[in-house]
Amino acid sequence: MAQKLPSDFVWGFATASYQIEGSHNVDGRGPSIWDTFSHRKGTIKDGSNGDVATDSYRLWREDIALLKEHGVNAYRFSISWSRLIPLGGRDDTVNETGIAFYRQFIEELVKNSITPYVTLYHWDLPQGLDDSYGGWLNKEEIIKDYTHYAELCFTRYGDLVKNWITFNEPWCVSVLGYANGVFAPGHKGDKENWIVAHHVILSHAYAVRLYREKFKGPQGGQIGITLDSQWLEPWIILRRVCIAAAQRGIDFKLGRFADPIYKGYYPSAVKAMIGDRLPEFTDEEVKVVKGSSDFFGLNTYTTQLVKEGGEDEIQGKVQYTFVRPDGSQLGTQAQVPWLQTYPPGFRSLLNYVWKTYQMPVYVTENGFAVKDENTLPLDEVVHDKDRIEYYDGYANAVLQAVTEDGVQVKSYFAWSLLDNFEWADGYETRFGVTYVDYSTQKRTPKDSARFLKKWFSEHIAARFCTETES
Ligand code: GBH
């Protein structure tokens, strides 16, 4: 009989607080840098913001009903720091209304046998911390405040939450927020992103140390970080400069975070190019940073072809393309320019991560935005065949990686449960398996939701009888 994923395989959907909650100024929530950024003119494509989003702060019971309907066993969501501590700092007031909101939400998930995977930071830094000391740029302050916020979450929710993710995609936090300026807080330049990344890694590591010392024993959970990367393949498969470029591209995208965290040092290619703009860890810090993740959290959407050259230092002076040497496209084009469907690349990335870091891999995001979906009438939108083609390919790539290549993949979270606020793209880009009509907030499942439900029900081994089946 066909091979299956193990019976304890985790699958579900992922979301993030600012993209779904709305209710930005109610029940004591303080502003975050994303409120400030999205309210600034010209930052978001359609001029929108997350004030309402999918209204999930109010409609959370509907979201849980959707999760049930879609047949998941887990849900990954993030906590809004400024809902718990409106100004963000370790001496600032805690907002019990905010604490109670997530408490009730988590209890309801658990009651419905949906395992919570909780992200502590999905980009919405309390504005108060940016105002008072420059947020991620201030090493001493941000490490202490982040660790304090993390401790509050472990204390209040750790009896029910056993899977913690410290940060979502530090590459986006640092590069898009502090180099390209397309994400909050909108800084541009070639220095800050290396500093911010360094401070994010340290904040992650100190929070993990605290969790391991004080909470892991009594609560019995695990904690790690989620990094993002596309897979990079040499533009010309056997050409040596392309192979070297692909490796350097991976070092600059993934290795600049993964190597410190899993090995204790920055990649040599990054050090060589960035020089003294790349901060160093003290010996004391290396001890805290190295080995500071219980698993490898991976967000990945696509694959790109790479050639040597170009001036983009943040990419490691390599160029990305979707166009093969023969002029053909790598895969089906999504709404967003950076995404094409290419399942073999996903399988290669899973193998690369497993081989390089030897940690169980939790795929914490993967998904597709159908081109022009925003312009179609509802009866066409729900038949999202490009998204199904994507999920079919990517889910089977996981299956192959696990059953044929021996990669330990433990979870698959599809992005996303429902259409939501797609950051600088606003609401034009839809990643959901559930359609959201933003004028009524009515939710309508697309065909892809039914596809995933069926696929995982058929490809996860039944509990208790795996032994006799195989
Ligand atoms: C994820 O990032 C996020 O975690 C999630 O919040 C988001 O909604 C989802 O993807 C879908 O986008 O054109 O140079 O600005 C995935 C990583 C980061 C990949 C932004 C594409 C755009 C690069 N993405 N990036 S650029």
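Order of appearance sets the numbers: ligands from 1, and atoms from 1 within every ligand. The first residue of the sequence shown is numbered 1, and numbering continues consecutively from there.
- Between the side chain of Lys317 and the backbone N or O of Glu308 there is no donor-acceptor pair closer than 3.5 Å.
- For ligand 1, the protein residues placed under 4.0 Å by at least one non-hydrogen atom are Gln19, His122, Trp123, Asn168, Glu169, Cys172, Leu176, Asp228, Asn299, Tyr301, Trp338, Glu365, Trp415, Glu422, Trp423, Phe431.
- Side-chain contact check for Arg277 versus Glu313: some heavy-atom pair is nearer than 4.5 Å.
- Residues passing the side chain to side chain contact (heavy atoms under 4.5 Å, CB included) test with Asp312, sequence neighbours excluded: Ile314, Gln315.
- The side chain to side chain contact (heavy atoms under 4.5 Å, CB included) check on Ala197 picks up Ser174, Arg256, Phe257, with sequence neighbours excluded.
- The backbone N or O of Leu305 lies less than 3.5 Å from no partner atom in the side chain of Thr321, so there is not a single donor-acceptor pair.
- Remark: His122 engages Ala16, Gln19, Arg76, Ser78, Thr119, Asn168, Glu365, Trp415, Trp423 in a side chain to side chain contact (heavy atoms under 4.5 Å, CB included) (not counting sequence neighbours).
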